[in-house]
Participant: 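Questions regarding the structure given below will be posed in turn.
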Amino acid sequence: MRSSLEGWGSGLLGVIIFSGSLPATRVAVADFSPMFLTSARAVIAALLASALLILLGQTRPERNDLLSLGIVALGVVIGFPLLTALALQHVTSAHSIVFIGLLPLATAIFGVLRGGERPKPLFWLFSSLGSATVATFALSSDGSRSLTADFLMIAAIILCGLGYAEGAKLSRRLGGWQVISWALVFSAPLMLVLTVMTLPESWEGVAAPAWLSLAYVSVFSMLVGFVFWYRGLALGGIASVGQLQLLQPFFGLALAGVLLGEPVAWTMTVATALIGFFVAFAKRFA
């Protein structure tokens, strides 16, 4: 019971940190290209992760861990950041944020495929209801829809769910922050090359908010958040704690409204209550 509660607490803190990712990305892509933003944030986070690994004397992963680390890197270091950055060129962060509500299903499905978890049938019912609520809210939240952006967000969710589940499985043995740190180090050579290739032609047009957003997604979204998130998934279960991701759209919408001045519908309150209900029951049957 204590382990489960610690897992949910750690997972919730990770969700809160991740909630600022899409608003920050929306600000950053105004001055940086999606590819540069994706690669630069990975390189900065990899430098910090390398320092942590060296200072704390962590042993290198085994050779049979490389495939899993590659999957984590593909999902959360490259795929999700790049695809969401591309999507945010077409829609507001408020519109894109609600797609995050589909992550628990993606994470749970890959948890079954890659982590060997077997949640009860009622888990799938309440998880589906929660995700359907988020999807309905997404379709009715604003008029800035873009088919291209929606497909990009769906692809991002699939890759992110894969990365979350694979990382959670590996973190049971290596530790949560070690997994994301090694995944960042694993992908660093490629991301460094991409950063150099996509450097802005001029830095004069890059405003302070874009730099601050780059710092946030590099330090918090790319590293610190995963320390808490992978720990939560490992302690509380991938399918169970993964349901907390249903709350992220509403934390993110609040940030989008406050920081970016994007309109937030009044239906957010009703939808949030429904999501909380479904999360509670999904946790019970996970």
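Note that these values count all heavy atoms, side chains included, but never hydrogens, waters or copies made by symmetry.
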Participant: Which pair of heavy atoms, one from I17 and one from G225, lies closest together, and at what distance?
Facilitator: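 Closest heavy-atom pair between I17 and G225: CG2-CA, 3.8 Å.
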
Participant: Measure the spacing between CG of L194 and CG of L82 and express it to the nearest 0.5 Å.
Facilitator: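 It comes to 9.5 Å.
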
Participant: Dump the intermediate steps for side chain to side chain contact (heavy atoms under 4.5 Å, CB included) on T84 and M153, then the final yes or no.
Facilitator: CA-CA 6 Å; T84 54; M153 286 303 303; 3.8 Å; yes

Participant: Hey, quick one: are F32 and L212 part of the same hydrophobic cluster, counting side-chain heavy atoms closer than 4.5 Å, chains of contacts allowed?
Facilitator: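 No; tracing contacts between hydrophobic side chains, which count when under 4.5 Å, never links both residues.
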
Participant: To the nearest 0.5 Å, what is the distance between CG (L22) and OG (S96)?
Facilitator: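 Rounded to the nearest 0.5 Å, the CG-OG separation comes to 4.5 Å.
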
Participant: Applying the side-chain contact (heavy atoms from CB on, under 4.5 Å) test to M222, which of L184, V217, I44 qualifies?
Facilitator: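 The passing option is L184.
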
Participant: Does some side-chain heavy atom of L48 sit less than 4.5 Å from a side-chain heavy atom of L52?
Facilitator: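 A side-chain contact is absent here, since even the closest heavy-atom pair is not under 4.5 Å.
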
Participant: With sequence neighbours excluded, tell me which residues meet side chain to side chain donor-acceptor pair (under 3.5 Å) with S131.
Facilitator: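 S131 satisfies side chain to side chain donor-acceptor pair (under 3.5 Å) with no other residue.
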
Participant: Taking atom types as modelled, is there a side-chain donor on S68 or E166 under 3.5 Å from an acceptor on the other?
Facilitator: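 Looking only at side-chain atoms, E166 and S68 do form a donor-acceptor pair, the distance falling under 3.5 Å.
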
Participant: So if I apply the ring-ring contact (aromatic ring centres under 6.0 Å, His included) rule between Y164 and each of F110, F80, W229, which one comes out positive?
Facilitator: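 Exactly one candidate clears the test, W229.
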
Participant: Between S21 (side chain only) and F18 (backbone N and O only), is there a donor and an acceptor less than 3.5 Å apart?
Facilitator: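 The answer is yes, because a donor-acceptor pair under 3.5 Å joins these two groups.
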
Participant: A side-chain contact here means heavy atoms from C-beta on lying under 4.5 Å apart; do T25 and S213 qualify?
Facilitator: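 No, every pair of side-chain atoms sits at 4.5 Å or beyond.
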
Participant: If we only count heavy atoms from C-beta on, is the L12 to F251 side-chain gap below 4.5 Å?
Facilitator: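 A side-chain contact exists here, since the closest heavy-atom pair is under 4.5 Å.
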
Participant: Would you say the side chain of T38 lies within less than 4.5 Å of the side chain of M191, judging by non-hydrogen atoms?
Facilitator: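 Yes - at least one pair of side-chain heavy atoms lies under 4.5 Å apart.
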
Participant: Please tell me if the side chains of Y216 and W211 come closer than 4.5 Å, counting only heavy atoms from C-beta onward.
Facilitator: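 Contact flag for Y216/W211 side chains = no.
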
Participant: For the hydrophobic clusters of this structure (ILVMFWY residues joined by side-chain heavy atoms under 4.5 Å, transitively), does one cluster hold both L55 and L174?
Facilitator: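 Different hydrophobic clusters.
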
Participant: Can you give me the closest heavy-atom contact between L223 and A49, atom names plus distance?
Facilitator: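 Distance-wise, the nearest heavy atoms are CD2-N, 4.1 Å.
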
Participant: Taking all non-hydrogen atoms of both residues into account, name the closest pair between W203 and P200 and its distance.
Facilitator: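 In this case the closest contact between W203 and P200 is CH2-CD, 3.4 Å.
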
Participant: For P61 and L69, work out which heavy atoms get closest and say how close.
Facilitator: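 In terms of heavy atoms, the two residues are closest at CG-CD1, 3.7 Å.
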
Participant: Please confirm whether the backbone N or O of F228 pairs with a side-chain atom of S10, one donor and one acceptor, at under 3.5 Å?
Facilitator: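 Judged by distance alone, yes, a pair lies under 3.5 Å.
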
Participant: Determine whether E6 and R231 make a side-chain contact, defined as any pair of heavy atoms from C-beta on separated by less than 4.5 Å.
Facilitator: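 Yes. Closest side-chain heavy atoms under 4.5 Å.
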
Participant: Taking all atoms of both residues into account, what is the closest heavy-atom pair of L260 and S93, and its distance?
Facilitator: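 Scanning both residues completely, I find the closest heavy atoms to be CD1-OG, 3.5 Å.
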
Participant: Is the shortest heavy-atom distance from the side chain of L103 to the side chain of C160 under 4.5 Å?
Facilitator: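 Yes. Closest side-chain heavy atoms under 4.5 Å.
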
Participant: If two hydrophobic side chains count as joined below 4.5 Å and joins carry through other members, does L247 share a cluster with L255?
Facilitator: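 Different hydrophobic clusters.
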
Participant: Distance check, rounded to the nearest 0.5 Å: R173 atom CZ versus E62 atom CD?
Facilitator: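 It is 5.0 Å, given to the nearest 0.5 Å.
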
Participant: Checking R26 side chain against V91 main chain: does a donor-acceptor pair fall under 3.5 Å?
Facilitator: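 Looks like yes, one N/O pair under 3.5 Å.
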
Participant: If you group Ile, Leu, Val, Met, Phe, Trp and Tyr by side-chain heavy-atom gaps below 4.5 Å, do L170 and L56 land in one group?
Facilitator: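 L170 and L56: one cluster.
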
Participant: For a quick test of reading the model, state the closest non-hydrogen atom pair linking A40 to S218 and the distance between them.
Facilitator: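 Smallest interatomic distance, heavy atoms only, reads O-OG, 4.4 Å.
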
Participant: Among V72, D65, L53, whose side-chain contact (heavy atoms from CB on, under 4.5 Å) with W182 holds?
Facilitator: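 Only match with W182 under side-chain contact (heavy atoms from CB on, under 4.5 Å): L53.
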
Participant: Are L86 and M35 close enough that some pair of their side-chain heavy atoms sits under 4.5 Å apart?
Facilitator: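 Side-chain contact under 4.5 Å: no.
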
Participant: Sequence neighbours excluded, which residues qualify as side chain to side chain donor-acceptor pair (under 3.5 Å) partners of Q89?
Facilitator: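 Result, side chain to side chain donor-acceptor pair (under 3.5 Å) vs Q89: none returned.
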
Participant: So, using side chain to side chain donor-acceptor pair (under 3.5 Å) as the criterion, who are the partners of T195 when residues are at least two apart?
Facilitator: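 For T195 the side chain to side chain donor-acceptor pair (under 3.5 Å) partners, ignoring immediate neighbours, are S39.
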
Participant: Check for a donor-acceptor pair, side chain of D31 on one end and backbone N or O of A210 on the other, with a separation under 3.5 Å.
Facilitator: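 A pair under 3.5 Å: no.
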
Participant: Establish whether I78 and M197 are linked, either directly or via other cluster members, by ILVMFWY side-chain heavy-atom contacts under 4.5 Å.
Facilitator: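 No; tracing contacts between hydrophobic side chains, which count when under 4.5 Å, never links both residues.
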
Participant: Just verifying a value: how many Å separate I154 CD1 and F99 CZ, rounded to the nearest 0.5 Å?
Facilitator: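 Result: 5.5 Å between the selected atoms.
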
